[in-house]
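Presented below is the structure to which this report refers.
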Amino acid sequence: MDHNLQIFNSLVREKVPFEPLHPPFVGLYVCGPTVYSDAHLGHARPAITFDLLFRYLTHLGYKVRYVRNITDVGHLENDADEGDDKIQKKAKLENLEPMEVVQKYMDTFHRNMDQLNTLHPSIEPRASGHIIEQQELIKEIIDQGYGYEVNGSVYFDVEKYSKRYDYGKLSGRVLEELISCSRTLEGQDEKRNPCDFALWKKASPEHLMKWPSPWSEGFPGWHLECSAMSIKYLGEVFDIHGGGMDLKFPHHECEIAQSTAALGKESVRYWMHNNMISINGQKMARSLGNFITLDQLFSGDHKLLEQAYNPMTIRFFILQAHYRSTMDFSNEALRAAEKGLQKLMKAMETIERLKPAKESSFDIEKLSDKCYEAMDDDLNTPVLLSHLFEGVRFINSVADGSETVTATGIETLKKLFTGFVFDILGLQKELAVNTGEELTGKLMKIIIDLRQDTKERKDWAMSDKIRDNLKEAGVTLKDTKEGAMWEVGE
RNA sequence: GGUCGGUUGACCGAGUGGCUAGGUAGCGGUCUGCAAAACCGUGUACGGCGGUUCGACUCCGCCACCGACCUCCA
């Protein structure tokens with residue numbers, strides 16, 4: 001397979017061929033969540049986007065080390081580099097130990113990610129477990145002359161950095177504008193410049209999460225962890241760094257500055273950013289209070305939800321749009337996704353029932369090529385799906401007898417759909433009734449046989465009654481040419 | 001105010017200088033005892049105004065509207 005994967009590099013703002021630094025190895029770092037409340041729909045986007053990337057790179061034969069951090073410390077509330085950090089604030093509210101909060105929401109996050117069928121990262125480092133590495137990085141930045149200490153806190157000297165490097169290149173900021181537009185904030189007097197950001201903050205006496213350091217008892221700045229942990233696990237220069245678009249500034253900009261200041265070179269070769277999910281035209285965010293948690297989506301327990309949605313529906317919904325496009329939440333759109341997914345999954349089952357013919361009336365290899373082309377084009381899943389639905393129509397037509405396929409063709413189809421739908425898109429069959437499944441199958445066979453008798457007697461009233469009663473019990477019967485089929489649900 | 005992006009048919013959502021995206025919903029048909037599924041057919045879609053062009057939804061300019069970032073944020 002000769003592939004030409006193109007990805008959109010946010011740094012240069014165009015699609016470029018992806019060429020790993022040390023093939024076949026690929027280093028991938030993605031910003032994970034700050035675990036201080038439940039994961040919401042917005043969190044599903046980067047998780048699924050980069051899971052898709054991870055899966056596709058792996059499918060192409062790359063050996064990927066996928067690192068996704070858990071931010072469990074140091075994420076400061078409000079501006080200021082002055083307030084409590086987010087974890088600690090929530091801890092006080094709930095009267096819990098900070099690490100208790102972390103554990104609780106990390107567990108929920110992991111459970112939700114499993115429900116969405118995202119593969120586990122190769123490494124999932126936590127900021128709190130890398131305080132030493134972060135301090136080492138601060139020392140290096142200070143040694144290089146880009147960090148300064150004031151009253152036990154250490155700040156990054158953005159202005160000095162800008163004299164030699166380009167601060168703002170990722171987000172398109174110009175330093176002068178950043179300085180002039182910075183709001184006047186309380187407690188900024190320690191900084192030489194309002195744009196400077198904290199590398200280390202001295203902790204106040206009541207602060208719970210703090211560690212000793214050469215400068216003070218304190219905690220690391222938010223941007224530091226990703227620099228420190230990506231360097232530790234992927235090397236000074238690595239291939240891909242991903243995250244949400246909202247992290248471009250200041251987070252990723254600061255990461256670039258930190259790594260570049262410490263190493264004297266750019267750390268990240270390709271930056272990738274997924275777009276936001278909006279709700280009523282506005283970004284879904286915890287801070288805006290307009291979010292729907294994943295648990296709520298799965299249970300339907302939210303005033304904006306007209307029904308519950310399966311995790312796979314959510315996954316399919318997200319994959320129906322390109323990762324760099326915004327997408328708007330609505331019940332109508334989710335219901336459409338649900339139906340579309342069902343159609344896709346049914347067709348995959350239909351493949352198993354296809355009867356081979358002498359010739360194929362459809363070029364399956366060509367379809368396969370088009371599918372790869374779509375993925376190679378910056379992970380264009382909507383186009384991939386449109387090709388797959390072309391295959392779905394073919395499969396159904398073969399089942400109907402209006403098209404034909406060879407035995408080899410059936411195998412190719414099976415491989416194509418399994419590869420793209422299960423392995424790459426990461427969709428899976430919703431688990432059917434998971435208790436007494438075997439017994440249910442046997443019982444259904446009996447019922448269907450009995451009903452067959454009534455049909456042969458042309459006792460339509462009885463036949464319909466059986467079907468109606470089953471419907472009431474949540475089982476749908478469908479009379480096909482191959483006999484009656486049944487399924488749980490609509 | 002600065003930077004960036006968007007405006008596609010009932011809804012979601014791709015894409016291209018001339019050729020059907022796809023899904024969902026709707027309508028008509030085939031099949032069927034009925035129903036469902038499936039299949040076939042179907043819809044003056046590209047924010048507005050100019051410009052470039054043989055030809056623009058696609059390129060350029062202006063305008064309008066929406067959003068993201070500039071503060072924590074996936």
Side-chain angles (χ1 to χ4, degrees), chain A residues 10 13 30-34 36 39-50 75-81 83 85-86 168 171-174 176-178 180-183 185 222 242-251 253 273-278 281-288 291 316-317 320-322 324-344 346-347 350 374 377 380-390 392-393 395-403 455 458 460 463-464 467-468 471 476-481 485 487 490:
Chain A
S10 306
R13 292 155 218 254
V30 176
C31 289
T34 304
Y36 68 99
H40 60 72
L41 181 57
H43 292 99
R45 189 100 192 254
I48 289 170
T49 297
F50 294 106
H75 214 149
L76 297 162
E77 186 81 9
N78 290 325
D79 74 26
D81 300 352
D85 85 36
K86 282 196 170 174
S171 55
R173 305 302 147 114
V174 181
E176 292 71 41
E177 284 165 3
L178 286 171
S180 62
C181 291
S182 279
R183 295 191 296 175
L185 302 169
W222 170 40
M245 261 181 197
D246 49 350
L247 296 179
K248 269 189 182 177
F249 191 91
H251 184 53
E253 202 70 70
H273 291 93
N274 63 276
N275 217 318
M276 303 291 105
I277 291 177
S278 60
Q282 211 183 19
K283 181 175 89 162
M284 184 179 289
R286 276 195 287 233
S287 53
L288 295 170
F291 62 92
F316 185 83
F317 172 68
Q320 264 190 316
H322 188 261
R324 282 189 289 112
S325 301
T326 55
M327 59 188 315
D328 202 52
F329 160 87
S330 74
N331 282 282
E332 205 176 351
L334 282 173
R335 241 179 281 116
E338 187 175 51
K339 288 288 176 65
L341 175 63
Q342 275 171 13
K343 184 173 181 173
L344 183 63
K346 267 186 207 164
T350 304
D377 183 17
N380 198 328
T381 51
V383 167
L384 168 62
L385 283 167
S386 79
H387 294 325
L388 288 174
F389 275 106
E390 197 184 326
V392 166
R393 189 166 3 99
I395 291 163
N396 288 330
S397 295
V398 173
D400 264 16
S402 58
E403 301 260 12
K455 285 172 76 173
K458 298 203 190 300
W460 307 125
S463 169
D464 287 356
R467 188 173 61 195
D468 291 345
K471 183 96 183 172
T476 305
L477 271 193
K478 289 167 191 171
D479 292 325
T480 70
K481 285 174 184 166
M485 311 286 286
E487 58 186 20
E490 286 289 309

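Please read all numbers here as calculations on a predicted model, not as lab measurements. As a basis for the values below, the full set of heavy atoms in this structure was taken, side chains included, without hydrogen atoms, waters or symmetry mates. Per chain, numbering begins at 1; letters A, B, ... match sequence-line order.
We find that CG of A:Asp468 is positioned 12 Å from C1' of B:rA36, with the value rounded to whole Å. In this structure, the CE atom of A:Met284 is 13 Å from the P atom of B:rA68, given to the nearest Å. Rounded to an integer number of Å, the gap from A:Arg13 CZ to B:rG6 P is 13 Å. In this entry the distance linking CZ of A:Phe249 with P of B:rG5 reads 17 Å, nearest Å. As rounded to whole Å, 12 Å separates atom P of B:rA36 from atom CG of A:Asp464. A:Met485 has its CE atom 16 Å from the C1' atom of B:rA35, to the nearest Å. Residue A:Asn275 contributes atom CG, which lies 15 Å from atom P of B:rA74 at whole-angstrom precision. The distance between atom CZ of A:Phe389 and atom P of B:rA21, rounded to the nearest whole Å, is 17 Å.
Looking at every heavy atom in both residues, A:Cys31 comes nearest to A:Leu247 through CB-CD1, 3.7 Å. Taking every heavy atom of both residues into account, A:Ala399 and A:Thr350 meet most closely at CB-CG2, 3.7 Å. Pairing each heavy atom of A:Phe50 with each of A:Gly242, the nearest pair is CZ-CA, 3.5 Å.
Taking atom C1' in both B:rG6 and B:rG15, the straight-line distance is 16 Å, to the nearest Å. As rounded to the nearest Å, B:rC12 and B:rG5 have P atoms that lie 23 Å from one another. Annotation: B:rG51 and B:rG26 have their P atoms spaced 43 Å apart (nearest Å). For the P atom pair drawn from B:rA45 and B:rA21, the interatomic distance equals 10 Å after rounding to whole Å. Going from the C1' atom of B:rU24 to that of B:rC63 covers 35 Å, rounded to whole Å. Comparing the same atom, P, in B:rG18 and in B:rG50 gives a spacing of 23 Å after rounding to whole Å. Taking atom C1' on both nucleotides, B:rC34 is separated from B:rG43 by 30 Å, rounded to a whole Å. With P as the reference atom, B:rA25 and B:rA64 are 40 Å apart, rounded to whole Å.
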Letter per nucleotide, 5' to 3', of nucleotides 37-42 of chain B [B base touched, S only sugar-phosphate touched, - untouched; heavy atoms, 4.0 Å]: -BSS--

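In terms of phosphate contacts, A:Arg324 brings no side-chain nitrogen or oxygen within less than 4.0 Å of OP1 or OP2 of B:rG5. Between A:Lys458 and B:rG33 there is no side-chain N or O to OP1 or OP2 distance below 4.0 Å. Using a 4.0 Å cut-off, some side-chain N or O of A:Lys283 falls inside it from OP1 or OP2 of B:rC69.
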A:Arg467 and A:Asp464: CA distance, side-chain angles, deciding distance, salt bridge (Lys or Arg N to Asp or Glu O under 4.0 Å) verdict: CA-CA 5 Å; A:Arg467 188 173 61 195; A:Asp464 287 356; 3.6 Å; yes

For RNA chain B, the dot-bracket pattern of Watson-Crick and G-U pairs whose distances stay under 3.5 Å, | for other-strand partners: (((((((..(((.....[...))).(((((.......)))))....(((((..]....))))))))))))....

Taking only N/O atoms, report every protein-nucleotides 9-20 of chain B pair under 3.5 Å with atom names and distance.
residue : atom : partner  : partner atom : Å
B:rG13  : OP1  : A:Asp328 : N            : 3.2
B:rG13  : O2'  : A:Gln320 : O            : 3.4
B:rA14  : OP1  : A:His322 : N            : 2.7
B:rA14  : OP1  : A:Ser325 : OG           : 2.8
B:rG15  : OP1  : A:Asn380 : ND2          : 3.2

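In this structure a side-chain-to-backbone donor-acceptor pair under 3.5 Å is missing from A:Gln320 to A:Ala337.
You can call A:Trp460 stacked on the base of B:rG33; the centres are under 5.5 Å apart and the planes sit within 30°.
Within the 4.0 angstrom heavy-atom criterion, no nucleotide atom of any strand lies near A:Met245. At the heavy-atom level, A:Ser171 lies under 4.0 Å from the strands shown only through sugar-phosphate atoms. In this structure, A:Gln282 reaches the sugar-phosphate backbone alone: every heavy-atom distance under 4.0 Å involves primed, P, OP1 or OP2 atoms, never a base. Counting non-hydrogen atoms under 4.0 angstrom, A:Leu41 reaches nothing in the nucleic acid.
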